[in-house]
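None of the values given here were measured: they were computed from a predicted structure. Here is the naming used below: chain letters follow the sequence lines, and residue numbers restart at 1 for every chain.
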Amino acid sequence: MAFEPVVLFFLLGAVAGLLRSDLKIPSSIYDALSIFLLLAIGLKGGVKLAEHPIGEMVLPGIAIIIAGALIPLLAFPVLRYFGRMSRPDSASIAAHYGSVSVVTFSVGVTFLGQKMESFEGYMIVFLVFLEMPALIIGALLARYGQGEVRWGKMLHEVFFGKSIFLLAGGLLIGYIAGPEGIKPLDLLFFDLFKGVLALFLLEMGLVAASRMADLRTYGPVLVGFAIVMPLLSAVLGTALGWMLGLSVGGTLLLSTLYASASYIAAPAAMRIAVPEANPALSIGASLGVTFPFNIFIGIPIYYWMATLVSTTGA
Amino acid sequence: MAFEPVVLFFLLGAVAGLLRSDLKIPSSIYDALSIFLLLAIGLKGGVKLAEHPIGEMVLPGIAIIIAGALIPLLAFPVLRYFGRMSRPDSASIAAHYGSVSVVTFSVGVTFLGQKMESFEGYMIVFLVFLEMPALIIGALLARYGQGEVRWGKMLHEVFFGKSIFLLAGGLLIGYIAGPEGIKPLDLLFFDLFKGVLALFLLEMGLVAASRMADLRTYGPVLVGFAIVMPLLSAVLGTALGWMLGLSVGGTLLLSTLYASASYIAAPAAMRIAVPEANPALSIGASLGVTFPFNIFIGIPIYYWMATLVSTTGA
Amino acid sequence: MAFEPVVLFFLLGAVAGLLRSDLKIPSSIYDALSIFLLLAIGLKGGVKLAEHPIGEMVLPGIAIIIAGALIPLLAFPVLRYFGRMSRPDSASIAAHYGSVSVVTFSVGVTFLGQKMESFEGYMIVFLVFLEMPALIIGALLARYGQGEVRWGKMLHEVFFGKSIFLLAGGLLIGYIAGPEGIKPLDLLFFDLFKGVLALFLLEMGLVAASRMADLRTYGPVLVGFAIVMPLLSAVLGTALGWMLGLSVGGTLLLSTLYASASYIAAPAAMRIAVPEANPALSIGASLGVTFPFNIFIGIPIYYWMATLVSTTGA
Amino acid sequence: MTAKSMILLTIISEAMLEAILADEIMQLGAKGYTVTDARGRGTHGVRRGNWTAGGNVRFDVVGDAELCARIVARLKEVYERDYGLLMYTSPVELQN
Amino acid sequence: MTAKSMILLTIISEAMLEAILADEIMQLGAKGYTVTDARGRGTHGVRRGNWTAGGNVRFDVVGDAELCARIVARLKEVYERDYGLLMYTSPVELQN
Amino acid sequence: MTAKSMILLTIISEAMLEAILADEIMQLGAKGYTVTDARGRGTHGVRRGNWTAGGNVRFDVVGDAELCARIVARLKEVYERDYGLLMYTSPVELQN
Ligand SMILES: Nc1ncnc2c1ncn2[C@@H]1O[C@H](COP(=O)(O)O)[C@@H](O)[C@H]1O
Ligand SMILES: Nc1ncnc2c1ncn2[C@@H]1O[C@H](COP(=O)(O)O)[C@@H](O)[C@H]1O
Ligand SMILES: Nc1ncnc2c1ncn2[C@@H]1O[C@H](COP(=O)(O)O)[C@@H](O)[C@H]1O
Ligand code: NA
Ligand code: NA
Ligand code: NA
């Protein structure tokens, strides 16, 4: 089979939404599933970190974060001048595409599992570290020369917002407890992960369906951006992965991180930092177009790109 | 032990309800558990279908669906003329008994597991296909010569209502992914199934207790119907299973399907198609009497019937 | 490592609460997790009971319950005369410390698992039997010579309140089904237990954080009581465990039961039996101080005490 | 203040009618509505809200008197006979 | 319209009193009530509603003035001193 | 009865503003507030409440006319332009 069965759950949800089925996932269940996924991913990353010397990842880490900051800086002028969007909208969308999506990343990990490809465990750490710069750059772009940012509230949201908080908290617990200490939790957090991801994708499909309906009103520029931007970001990720000498799996995950757009942390932070931006635009693009594009089409392409460059030595 | 431990959870819930304990299962948890059970049952059926040639089940399938349609057509006149119920109430109750209960079916599967009996995997498919004819027949009976049915809304409810949608969606995903593709989801959807069923039965007990209280006001005819009807339907199921040469397990599941009454899909569809019917009557009978009757007394009887006929060759 | 990784989840939750993160666990998830833990603990106890002759535990049981009743009778005068608290507040807090905490007990069991210590399975039964006397004593102390207790509502709350009801119901089901019958439920209720406990501790941390903030207003006497009282109770438990010839694990669990303070059953019962008492005081002390004290510091101390006395034969 | 006098119409009905009533309200010309989950008791018995088929929803609609009268008339005609339904109005000052 | 002038009594109190207050309200003669989950803040502090013992409920009762006065008097007498409680009334037009 | 005439201010806004609005309301002098989860539809589109970023909250504040005017003025100034927001007031009799 070409793609992972879990993505079929997204399709099922999207179809339910588009056909106006009465299928609804209660918001408290949505919250519980997302808390679970964030914690589980964090724990997994922490355990991997505990197994490897941290020193190893400092240099590649800096490169990955700096290159990642290019993404919103590239997206902003495209949206502003080519897409003729308002400054706040352009900045907010740029921040969404600069940050990363935990679920897209998880689908990437699952994809690698199916292909039996290993990857550098510390990639998970960048789920935490790529989020923040993009959000701060987004806020700066929105305000450049115009009024003030509510930095206090905004930075609080960035650092203590639940997604970063749970990822970072999980990382720490996983790191402190180590592979042995976490073993009794393996069954819940690791073995059940993929099943829970399937349920979450069902819900994502339902939500995305309602966003897709909105998209018609925003025109082809935004839809085009939501497809071309992840491809460009993935090229950047593949190139960097190649330069850093990452494995095929690590390169795929780096491209996937760059290509993914946030729809948990970024919407919350941007709603506070750049409230004039229309959230329907950024969420519609990231959740209604980029997310399904990545999980169905993008990831296989990025994988192909990663295998391609891997045959050329660094 | 004569019966399955999971049914004790139903008892616990019913006792809590009758003693007015403050035990409450939040409605969002109820929704989540039922989404899980519907998806899991669908996936299991889909995987079983993927393992066997579909052609094999076409002829028995047609027989099973046609015979199943007899149930509401039999129940209606009994309720209308013998039970002296109004036309809409008779039609709505007939539709409930014509459709099927996923949880009763699950308890039947669990019962077979305990007895180490195998069954024809495609029986799960009839959870989907027995639902629809009964609901449509119910709507027709209610309206025969009297006013119009809101067919649009009603059929939408039947096909895209969450229970049919999730069962059918699960079937499809299971079929496409096949036993290999679904393996990483086995732990959540298959291995945990019985535990989740236990929790759901706890909640069913709580809800049923509130329905049992109502029953006093509806008199002995309805209660009698709610016990005799499943027995008759099970006889029909056993006879058909024997004629089709099903295994003992398959025959038991067919009787259980026929004998079970819906309390998820049918109430929703009937509330829209036949709003004049009193929902307390149909839910009271199906959930307050027939459901506990089936899981405690009915299934062991149907099993005995199935083993009995199996000793007589078809 | 000195302590169990699960307690780190409590810490994470507490930090989130203190830093005003927007992390929130929906109340329906809280309810679902607590239903799960109560049922699972009850089932485990029931299975253990089914494996051993009940006769064995009658005499130690009576001793454990009588000695346990000393705790509220000791706590009350301390609070009333030394702490200068009102009669209702003293009585309500005494009842909280006389009853027991399921989650603290679970952390104790987990701690023993890590140390590879076995324990007398029937200790779980005292989760049920230690609760009631303390609550009734609390109500009597509050009313002694002053007005009437609403005994009806109060006793209903004690016996049919969800925590006792689920524990006792789980015990019964586990006992009836036995180790073999419960096997298909093992995965959900036993193997996943520790993971679910981790999630619940996350939520407890969030709730405790909001209680800690309140504590400042109640002064050092209550905080001191919330630390010294569990130590005294644990000494009582250790002494009794030694006299009864319990294993090191059993002695630790008995101390932990005595030392723990209720925050599920007792608040609900006391709110009805002694409504004049300020619930912020009792919950603040038991959840904001005693609970974290026990899981981080108390249990290791009680373990040390248990090993100490075990080297001296009874 | 630029407060405008309006009518607040509150409708309590069965949860499964939510999507249907929302469509009716918008089609009759409302500018918006607010929905909250509810449970309760009335002539149709106790509605505990503990399972899908057993809860209520509460709609609040702010509009002019005619809109509210139109909605009331329509819901009375179509839903009152067969479904649990309670409707009441009160004057409010819209503040924005 | 057949609208009847009635009183709407809104009661906000602790979630754990839900069953008790529902019984009181019906025993005092109400034809029904509506309950919604709530949280809030008042003289008894913040009630976050994030765990069982910490939430509020809101009762809405439509009835005549006497019924509402009876309920208010009873709840004041029995529950006001010891429990978080807020009650207010307003006139409404019952539409069905 | 000791009923006092007060104003009930109802505010419907985006769920993610809950903590912020609660702080504003208390800082402007309210003695308390009640919050319920809501969903709905208005000029900012449908808010289904099916995921975190997509729900509303409803605040009810009982206070005197000046307090309510202060809150209305502040929320209009700071939040009305950028966030979904609806505010309306009505007179109520506080019963305790
Ligand atoms: N007098 C009342 N006051 C407040 N809510 C009511 C009243 N009567 C009915 N309700 C609500 O309206 C729903 C439907 O009412 P009914 O059609 O009378 O069953 C009930 O479930 C209650 O939530
Ligand atoms: N001024 C107010 N406006 C709106 N709701 C209030 C007000 N005061 C109290 N409440 C609500 O009533 C509950 C109990 O109030 P209290 O008894 O003052 O703690 C609070 O938790 C709030 O939900
Ligand atoms: N006319 C109305 N009646 C009742 N609620 C409304 C109305 N208009 C808006 N709302 C509520 O207020 C929220 C924000 O409104 P808006 O700013 O118009 O999008 C909506 O999501 C609804 O919940
Ligand atoms: Na990105
Ligand atoms: Na049937
Ligand atoms: Na204790």
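Judged as a side-chain contact (heavy atoms from CB on, under 4.5 Å), and not counting sequence neighbours, the contacts of E:Leu67 are E:Ala30, E:Val61, E:Asp64, E:Arg70, E:Ile71. The side-chain contact (heavy atoms from CB on, under 4.5 Å) check on E:Ile7 picks up E:Ala65, E:Cys68, E:Thr89, with sequence neighbours excluded.
Nearest approach of E:Asp60 to D:Tyr88, heavy atoms of both residues: CB-OH, 4.4 Å. The two residues E:Pro91 and D:Ser90 come nearest to each other via the heavy atoms O-CB, 3.8 Å.
Interatomic distance, D:Arg39 CZ to E:Asp37 CG, rounded to the nearest 0.5 Å: 4.0 Å.
Neither the backbone nor the side chain of D:Asn56 comes within contact range of chain E, judged by heavy atoms closer than 4.5 Å. Heavy atoms of D:Leu86 lying under 4.5 Å from chain E belong to its backbone as well as its side chain. With a 4.5 Å cut-off on non-hydrogen atoms, E:Ile25 does not touch chain D at all. Of the atoms belonging to E:Met26, it is side-chain heavy atoms, and not backbone ones, that fall under 4.5 Å from chain D. Only the side chain of E:Val62 comes within contact range of chain D, with heavy atoms under 4.5 Å apart.
D:Lys76 places a side-chain N or O within donor-acceptor distance of the main-chain N or O of E:Gln95, the cut-off being under 3.5 Å. Put simply, the side chain of E:Asn96 gets close to the backbone of D:Leu85: a donor and an acceptor are under 3.5 Å apart.
Side-chain contact check for E:Glu93 versus D:Val72: every heavy-atom pair is 4.5 Å or farther apart. Side-chain contact check for E:Arg58 versus D:Thr36: every heavy-atom pair is 4.5 Å or farther apart.
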